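Step one of this worksheet: look at the structure below.
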Amino acid sequence: MRHRKKLIEVALPLDAINKASVREGYIYRGNPSALHKWWAQRPLAAARAVIFAQMVDDPSANPDLFPTEKAQEKERKRLFRIIEDLVKWENTTNEAVLQKARDEIWQSWRRACVENADHPRAKELFNRHKLPGFHDPFAGGGTLPLEAQRLGLEAYTSDLNPVAVLITKAMIEIPPRFAGQPPVNPKACREKPLIAKQWKGAQGLAEDVRYYGRWLRDEAEKRIGHLYPKIEITAEMAKERPDLKPLVGQKLTVIAWLWARTVKSPNPAFAHVDVPLASTFMLSTKAGKEVYVEPVIKDGGYHFTVKVGKPKDSEAAKLGTTAGKRSAFRCLMSGVPVTYDHIRDEAKAGRMGARLMATVVQGQHRRGYLTPTADHETAAHNAKPEWKPEVEFFPQALGFRVGNYGMTKWSDLFTSRQLVALTTFSDLVRKARELVRRDAQAAGLPDGIALSEGGSGAIAYADAISVYLAFAVDKYAMYGNSLVPWYSKESRPSMLFSQQVLSMVWDYTEINPFSAIGGAFAKSVAIVADSLEGLPKDPPRAEVAQQNAGVGARARAHLVSTDPPYYDNVGYADLSDFFYVWLRRTLASVFPDLFATLTTPKAEELVATPGRHGGNEKAEVFFLDGMRQVMHRLTEQVHPAFPTTIYYAFRQSESRGDQRRTSTGWETFLEAVIGAGFSISGTWPMRTERAGRMRDSGSNALASSIVLV
Ligand SMILES: C[S@@+](CC[C@H](N)C(=O)[O-])C[C@H]1O[C@@H](n2cnc3c(N)ncnc32)[C@H](O)[C@@H]1O
């Protein structure tokens, strides 16, 4: 077989790819990557460009067409322009741009087929009417197979992790089953403009996710809305706060409650007082819109008042009750240090509590902060969940920093009101599934078989909608837990997993899931539905399986582009249990095989977790052996006409003299690749992470490379 050099083996327009990749990280609306959280998701733009350049001939491979270097260079520039258009965010679903790229791929493919017509395995390897399939055994959030699908390839992909498998299914396997179908909800079947609309790709699915998402939200509000009382602004309140005067008599929706965790004071004189661990008293630091909390010590106890304007002692307000690194906090009542040891002991003894510091309300034009009231504190504490995910997590998991503070089970990450909300939403997803099935039948779909069995009728459609609704619940869960800080610079909640860690948050935000704040349920539904609109309009079929990359034998003669785990950077399986425990409740009957176990599989996960493998050295051996095995399998699975691309990222500190990490990360990976029989023909540096996205607090950003084999 004659090997034709592919563009990626010679040149790439790196600047354009990197720029588009970084930009894409800031776009949420209509971005398929926003369908569900996965860690270290690759940008779609980079994935698309790499697969294209892997499949298209470099002009030097066609000397008959481009005999001189000058002609080759000119042709390369033309191909570059195609890539430059292809990576632009605006062109993600631009059929004209995509078709141009697909045409190039087909042209190169047909040339290879003609040239290899007499190959002994020509029938299997060089079918000029069918592009080779695509394979990625580390699918994760599905980015690489999605982009292969967008470029016209059937994708056969897998991951060990059931949550990753579900996300990838939701991205590339489920939508083609219902592509181009109209929504089934009664409104869409009744209203003329919706009946007349031409539904492309996953637009019908997206419309139904919006409709049933709204139904679910409203039903949940009927059941548990009373747990989120409004606040009436009284004349009394306005006495202290003239800014509230225009609002007197109005009942305002609380969008968030801001809590400070508490422990008993270590000072024996105040041992009965639950003192706050407040990392700051500043609620809003926006210039000219400063708001802060002032603790008032009275009658052997304290309460909080919310003040508008710059605090007299800005430094003290900024510090809250913190007292520097060693002594952690100070007792609000007496000033004595509240050490981490004391906090840990209190937490483990079950004596960590929480006090409401402020409520955030939505006024007509802006957000406001109010002094907490006792009834609001009581409303939160009165919530009694009927169920909770009492599943233990692995305290030594990579990036888990909450185990020392009495948190051992996933349910410990939530307040009781959050548990009530998540349980209610999850149960309603199951109800929604029944409703969708009835509506789909009424809309004329035959019942058919389940989605997990390959169905595409009413039952499968209801299964599919329930997957996307469960994703909206997961999205809310990222804000609806007690590890969410308040971002005082922008007066909004942050969210869990902005880094791949579980860190303790001393003063946390509890959002109102029925309000209009970011992370609330309606917003989560909108993001999920919108992200479906960014999927390909006419996708070829795809298959996604749960499989260990080291043993799976799915692929043969496939184009391979893959993105394995980076040594010890992300503990995917441990982190993903945060979602798994909720998804299992809602979707175990939709995908029984994916949710058969209590938690996600860990033992075979190719991540060098010292806590799991018995120390650093054993973890390294496990990673090297496992990666070598996977790479060996890949050598059997790749199509001989194409180079394989493997993404790899490593901490920048590795290349800055941290010798141990260098050898264990990047070099161990390269060793596995070569040991498996691949030969490395080049690497491309990629700037594919959004600034700050992959930062482990205090450590270094990841640098990425594409390794060509
Ligand atoms: C870097 S991530 C892939 C990210 C993906 N490219 C994306 O853009 O979202 C690596 C993936 O490898 C998976 N993984 C780890 N060990 C595995 C194994 N033994 N077999 C298959 N998948 C594994 C993890 O679950 C994770 O999803």
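When a ligand or atom number is given, it counts from 1 through the structure's own listing order. Being a predicted model, the structure only gives us computed values, none of them experimental.
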Taking the six-membered ring for Trp and the single ring otherwise, decide whether the centroids of Trp582 and Tyr476 are under 6.0 Å apart.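 Between Trp582 and Tyr476, the centre distance exceeds or equals 6.0 Å.
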Using ring centroids (six-membered ring only for Trp), state whether Tyr647 and Phe138 fall under 6.0 Å.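 Distance test on ring centres: not under 6.0 Å, no.
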Would Tyr580 and Arg585 count as having a side-chain donor-acceptor pair, cut-off 3.5 Å?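 Tyr580 vs Arg585: no donor-acceptor pair found between side chains.
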NZ/NE/NH1/NH2 to OD/OE distance under 4.0 Å, Glu95 and Arg102: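 Salt bridge present between Glu95 and Arg102.
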Asp58/Lys6 ion pair, N-O < 4.0 Å: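 Answer for the salt bridge query: no.
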Which residues satisfy the salt bridge (charged side-chain N to carboxylate O under 4.0 Å, His left out) test with Asp159, sequence neighbours excluded?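 For Asp159 there are no salt bridge (charged side-chain N to carboxylate O under 4.0 Å, His left out) partners, ignoring immediate neighbours.
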Anything under 3.5 Å between an N or O on ligand 1 and a protein N or O? List each pair with its distance, or write none.
{"unit_1": "ligand 1", "atom_1": "6 (N)", "unit_2": "Asp563", "atom_2": "OD2", "d": "2.8"}
{"unit_1": "ligand 1", "atom_1": "8 (O)", "unit_2": "Arg42", "atom_2": "N", "d": "2.7"}
{"unit_1": "ligand 1", "atom_1": "8 (O)", "unit_2": "Thr143", "atom_2": "OG1", "d": "2.7"}
{"unit_1": "ligand 1", "atom_1": "9 (O)", "unit_2": "Gly141", "atom_2": "N", "d": "2.8"}
{"unit_1": "ligand 1", "atom_1": "16 (N)", "unit_2": "Leu606", "atom_2": "N", "d": "2.9"}
{"unit_1": "ligand 1", "atom_1": "19 (N)", "unit_2": "Asn548", "atom_2": "OD1", "d": "3.0"}
{"unit_1": "ligand 1", "atom_1": "19 (N)", "unit_2": "Glu604", "atom_2": "O", "d": "3.0"}
{"unit_1": "ligand 1", "atom_1": "20 (N)", "unit_2": "Ala549", "atom_2": "N", "d": "2.8"}
{"unit_1": "ligand 1", "atom_1": "22 (N)", "unit_2": "Leu160", "atom_2": "N", "d": "3.2"}
{"unit_1": "ligand 1", "atom_1": "25 (O)", "unit_2": "Asp159", "atom_2": "OD1", "d": "2.7"}
{"unit_1": "ligand 1", "atom_1": "27 (O)", "unit_2": "Trp38", "atom_2": "NE1", "d": "3.0"}
{"unit_1": "ligand 1", "atom_1": "27 (O)", "unit_2": "Asp159", "atom_2": "OD2", "d": "2.8"}

